[in-house]
Amino acid sequence: MPRATNAVATKQRRKRVLKRAKGYFGNKSRLFRYAKDAVQRAGQFAYRDRRKKKTTMRQLWIIRINAACRTHGITYSRFMNGLQKAGIELDRKSLSELAVNDAAAFQALVGKAQESLKA
């Protein structure tokens with residue numbers, strides 16, 4: 001009885017890996033042996049960085065809020081504490097958008113935060 005190799009499935013698998021490796025440098029984009037490792041490694045980085053992106057975005061929002069706060073003469077931590085005491089529950093993403101796009105509204109929030117800190 002002849003040996004069954006299932007060449008169709010093998011070819012499809014190799015084609016799928018090489019398609020994902022398109023644009024990689026050198027042998028990693030041309031040879032299955034190296035492309036397989038490169039694609040697997042890229043997948044691990046992609047998985048990790050989809051989670052890391054949430055942390056990175058939060059850091060960016062905090063940096064933007066802090067920069068806007070300091071132009072109004074208050075630090076980020078005092079501003080956030082003042083908002084909490086004033087009962088204003090805005091997340092960092094929306095605060096960052098206000099700081100960048102609507103300076104007047106952010107100025108009003110800074111005023112409310114400073115009032116609640118004094119009281």
Side-chain angles (χ1 to χ4, degrees):
M1 188 170 171
R3 187 170 73 96
T5 59
N6 200 0
V8 175
T10 302
K11 189 170 184 179
Q12 282 179 343
R13 182 172 58 251
R14 290 180 181 190
K15 195 173 176 182
R16 184 171 57 239
V17 169
L18 286 171
K19 187 177 179 185
R20 282 180 144 180
K22 190 173 271 195
Y24 290 2
F25 183 79
N27 284 341
K28 290 183 286 199
S29 67
R30 292 187 287 269
L31 301 177
F32 174 73
R33 167 189 248 179
Y34 304 109
K36 180 179 58 171
D37 295 335
V39 166
Q40 186 175 13
R41 185 175 164 89
Q44 289 171 341
F45 283 129
Y47 179 86
R48 180 197 69 192
D49 291 340
R50 277 195 299 274
R51 280 133 192 88
K52 186 86 170 112
K53 183 165 63 170
K54 294 154 187 59
T55 305
T56 307
M57 291 307 296
R58 183 181 168 97
Q59 288 172 345
L60 175 66
W61 299 331
I62 290 172
I63 289 167
R64 285 179 176 172
I65 295 167
N66 189 20
C69 285
R70 287 181 186 269
T71 61
H72 297 298
I74 189 172
T75 63
Y76 168 78
S77 61
R78 305 243 329 130
F79 172 68
M80 294 305 282
N81 188 10
L83 287 182
Q84 187 180 13
K85 286 183 177 177
I88 300 171
E89 294 181 5
L90 283 173
D91 61 350
R92 284 159 183 81
K93 182 178 181 179
S94 55
L95 284 171
S96 169
E97 286 297 315
L98 284 176
V100 171
N101 298 323
D102 192 359
F106 192 79
Q107 172 71 40
L109 285 173
V110 169
K112 295 223 183 221
Q114 287 175 330
E115 284 176 25
S116 65
L117 286 172
K118 289 178 184 174

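Chaining together hydrophobic side chains whose heavy atoms lie under 4.5 Å apart places Leu90 alongside Ile62, Ile65, Ile74, Tyr76, Phe79, Met80, Leu83, Ile88, Leu95, Leu98, Phe106, Leu109, Val110, Leu117. Other cluster members for Tyr34: Leu31, joined by side-chain heavy-atom distances under 4.5 Å among Ile, Leu, Val, Met, Phe, Trp and Tyr.
Remark: Lys15 NZ to Phe32 CZ distance equals 14.5 Å, nearest 0.5 Å. With values rounded to the nearest 0.5 angstrom, Arg33 atom CZ is found 11.0 Å from Arg14 atom CZ.
Across Trp61 and Arg92, no two heavy atoms sit closer than the pair CB-O, 3.8 Å.
Pairs of residues two or more places apart, or lying in two chains, that qualify as side-chain hydrogen bond (donor to acceptor under 3.5 Å, both in side chains) and include a residue from residues 101-119 are His72-Gln107, Glu97-Asn101. Within the structure, the side-chain hydrogen bond (donor to acceptor under 3.5 Å, both in side chains) test picks out the following pairs touching residues 80-91 (sequence neighbours left out): Asp91-Ser94.
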Please list every donor-acceptor pair under 3.5 Å in which a side-chain atom of residues 21-30 meets a protein atom from a residue at least two apart or in another chain.
unit_1	atom_1	unit_2	atom_2	d
Ser29	OG	Tyr24	O	3.2
Ser29	OG	Gly26	O	3.0

List the atom pairs, with distances to 0.1 Å, where a side-chain N or O of residues 38-57 and a protein N or O form a donor-acceptor pair under 3.5 Å, not counting sequence neighbours.
unit_1	atom_1	unit_2	atom_2	d
Arg51	NH1	Tyr47	O	3.0
Lys54	NZ	Arg50	O	2.8
Thr56	OG1	Lys52	O	3.0

